[in-house]
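Single-structure report; data block below.
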Amino acid sequence: MSVSKKRKTSSSTRQGRSHDALAKKQLAKCKKCGKPVMPHQVCSACGTYQGREIVKPKLKTKKPNKK
């Protein structure tokens, strides 16, 4: 069984983790409706991608109340 000769210091451990921080999501604006959209994704609000309608947008409908 081998044991490490030198232990990694706490500062060295933290420096190794310097690139592990999460970055904020970069959002673009939809050209048609102006809502924030992830790059290279279809807009969920209007269903367009690069100015063309790809998907028909889902309309929000109210459900009837059951009594």
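All heavy atoms count here, side chains included; hydrogens, waters and symmetry mates do not.
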For the atom pair [atom1] ([X]) and [atom2] ([Y]), what is the distance rounded to the nearest 0.5 Å?
X	Y	atom1	atom2	answer
Glu53	Cys43	CD	SG	11.0 Å
Lys35	Lys29	NZ	NZ	12.5 Å
Lys32	Arg52	NZ	CZ	13.0 Å

Does the Thr13 side chain pair with the main chain of Thr9, one donor and one acceptor, at a distance under 3.5 Å? yes
Which other residues belong to the hydrophobic cluster containing Leu22, where Ile, Leu, Val, Met, Phe, Trp and Tyr are joined when side-chain heavy atoms lie under 4.5 Å apart, directly or via other members?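 Other cluster members: none.
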Apart from Tyr49 itself, what residues make up its hydrophobic cluster, given side-chain heavy atom links below 4.5 Å?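 So far as hydrophobic clustering goes, Tyr49 is joined with Val42, Ile54, Val55.
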Across all chains, not counting sequence neighbours, the side chain to side chain contact (heavy atoms under 4.5 Å, CB included) partners of Arg14 are Ser10
Measure across Gln26 and Met38 and return the closest heavy-atom pair with its distance rounded to 0.1 Å. O-SD, 4.4 Å
